[in-house]
Amino acid sequence: MTEIYRSEDGKRAVEQRYRELLARWPVPAEHLRVPTAQGETFVIACGPSDAPPLVLLHGSATNSAMWLTDVAGFARHFRVYAIDLVGEPGLSAPSRPDLASGAYARWLEEVLDALDIRRISMVAVSLGGWIALDYATRHPGKVERLALQCPGGIGPQLWGKLMVALLLKPLGRWGRARSMRLLLGPASTSVTAPAPAAAPGTMAVPASSQAADFGAFMLLINGAFRHRMGRMPLFDDESLRRLTMPLLVIVGGRDAFLDSSGTRRRITETAPHAAIRFLPDWGHYLPNQTDEITGFLTENAHA
């Protein structure tokens with residue numbers, strides 16, 4: 001049995017569905033396999049080969065399929081590299097080194113070296129945000145711009161709703177869907193509702209259908225995958241003060257995983273140049289941020 005999955009059947013089901021979703025990638029892409037000390041890393045590369053590089057890091061218990069509705073917007077301006085994190089339900093190795101060990105920053109450095117990338121912008125979510133911060137605080141001169149959604153490692157983790165969600169998970173598909181809505185927040189209804197059909201006579205997959213299909217995929221993952229249970233280490237103030245690059249942080253006020261008010265306060269104190277968007281009625285899942293993030297990433301690009 002693969003350690004990060006509950007069974008081999010669950011692993012096969014997740015990987016098969018992931019490949020089906022990757023076939024819907026909205027722009028031409030290359031699938032790359034990068035060797036690292038943590039094992040092989042899967043990377044989706046797309047966008048103009050001569051454009052500035054942009055790295056996408058997804059959150060925990062998901063994979064690069066989460067970028068399906070965003071990547072076309074990013075790829076108009078950047079050479080995009082969507083990286084499957086090791087130890088998560090994508091196509092990278094199942095390795096899960098200690099978060100506090102520095103291994104993830106070294107892993108990302110190995111991936112970037114293999115891709116011959118020397119300086120990057122990054123968009124990252126949750127655990128991916130923690131990994132982006134770990135890299136950026138260690139190598140601030142290598143990060144052009146940093147856009148984070150509900151990043152870990154700044155505000156403390158919360159455990160109350162997580163415990164309730166874990167009690168709901170054994171109650172079949174209904175319990176898994178209810179636990180997702182509890183943890184991800186009000187906007188998660190867009191990924192747990194049934195998928196609408198494509199318009200008659202068209203081949204395109206509507207964004208709403210993509211979101212719903214991804215939601216069904218998340219339910220599949222939720223039943224098959226062994227989630228991380230440890231705490232993400234908090235970055236100290238000295239580390240956060242190294243974030244001198246242009247920085248955008250987007251957080252939801254009803255985040256069930258992370259103290260978003262604490263995240264906003266600490267970023268304000270340690271990186272006062274940062275742009276912070278606080279969404280008081282939103283949770284951990286923050287869809288429809290592509291335009292704002294793209295505007296931030298391309299700001300002054302033609303100045």
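These figures come from a predicted structure and were not determined experimentally.
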Could you report the tightest heavy-atom contact between [X] and [Y], atom names first, then the distance?
X: A29; Y: I44; result: CB-CG2, 3.8 Å
X: P151; Y: V251; result: CD-CG1, 4.1 Å
X: R17; Y: L220; result: CB-CD2, 4.0 Å
X: R266; Y: F235; result: NH2-O, 2.7 Å
X: P48; Y: A75; result: CD-O, 3.1 Å

(request) Report the C-alpha distance between L54 and R79 in whole Å, list the side-chain angles of each, state the deciding distance to 0.1 Å, and finish with yes or no for side chain to side chain contact (heavy atoms under 4.5 Å, CB included). (result) CA-CA 6 Å; L54 174 66; R79 179 63 170 173; over 6 Å; no
Measuring from [X]:[atom1] to [Y]:[atom2], what's the distance to the nearest 0.5 Å?
X: E30; Y: S49; atom1: CD; atom2: OG; value: 8.5 Å
X: D134; Y: S239; atom1: CG; atom2: OG; value: 8.5 Å
X: N63; Y: I221; atom1: CG; atom2: CD1; value: 5.0 Å
X: E144; Y: R118; atom1: CD; atom2: CZ; value: 15.5 Å
X: E109; Y: H139; atom1: CD; atom2: NE2; value: 4.5 Å

(message) Taking side chain to side chain contact (heavy atoms under 4.5 Å, CB included) as the criterion, tell me which of V125, V123, D84 meets it with H58.
(response)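 The option that passes is D84.
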(message) Can you confirm if the NZ or CZ of R264 lies within 45° of the ring axis of F278 and under 6.0 Å from the centre of its six-membered ring?
(response)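 Yes, cation above the ring, under 6.0 Å and within 45°.
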(message) Taking the six-membered ring of F296 as reference, does the cationic atom of R145 (NZ for Lys, CZ for Arg) lie under 6.0 Å from its centre and within 45° of its axis?
(response)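 R145 over F296 ring: yes.
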Is it the case that the side chains of [Y] and [X] hold a donor-acceptor pair, with the cut-off being a distance below 3.5 Å and no angle test?
X: R277; Y: Q289; value: yes
X: D255; Y: Y285; value: no
X: D70; Y: T290; value: yes
X: H284; Y: S126; value: yes

(request) Report the C-alpha separation of R106 and Y135 in whole Å, then their side-chain angles, then the decisive distance to 0.1 Å, and conclude whether the side chain to side chain contact (heavy atoms under 4.5 Å, CB included) test is met. (result) CA-CA 8 Å; R106 292 192 295 273; Y135 182 83; over 6 Å; no
(message) Are the side chains of V80 and L56 in contact, using a 4.5 Å heavy-atom criterion?
(response)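 A side-chain contact exists here, since the closest heavy-atom pair is under 4.5 Å.
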(message) Just so I know, are the side chains of P53 and F78 near enough to count as touching, which here means a heavy-atom distance under 4.5 Å?
(response)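 The answer is no; the side chains never approach within 4.5 Å.
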(message) Does atom CG (D236) have a neighbourhood of more than 12 heavy atoms from anything else shown, all under 6.0 Å?
(response)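 Yes - once you tally the heavy atoms of other residues, nucleotides and ligands closer than 6.0 Å, there are more than 12.
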(message) One pair to check against side chain to side chain contact (heavy atoms under 4.5 Å, CB included): V86 and Y104. What are the steps and the verdict?
(response) CA-CA 9 Å; V86 292; Y104 283 90; 3.9 Å; yes
(request) Check for a donor-acceptor pair, side chain of W130 on one end and backbone N or O of P233 on the other, with a separation under 3.5 Å. (result)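 Checking the backbone N and O of P233 against the side chain of W130, a donor-acceptor pair under 3.5 Å is found.
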(request) For E110, check salt bridge (charged side-chain N to carboxylate O under 4.0 Å, His left out) against everything at least two apart and list the hits. (result)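 None.
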(request) Using ring-ring contact (aromatic ring centres under 6.0 Å, His included) as the criterion, list what pairs up with F42, not counting sequence neighbours. (result)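 With sequence neighbours excluded, F42 shows a ring-ring contact (aromatic ring centres under 6.0 Å, His included) to H31, given in chain and number order.
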(request) Tell me, with the steps shown, if I83 and W107 meet side chain to side chain contact (heavy atoms under 4.5 Å, CB included). (result) CA-CA 11 Å; I83 302 176; W107 162 78; 3.8 Å; yes
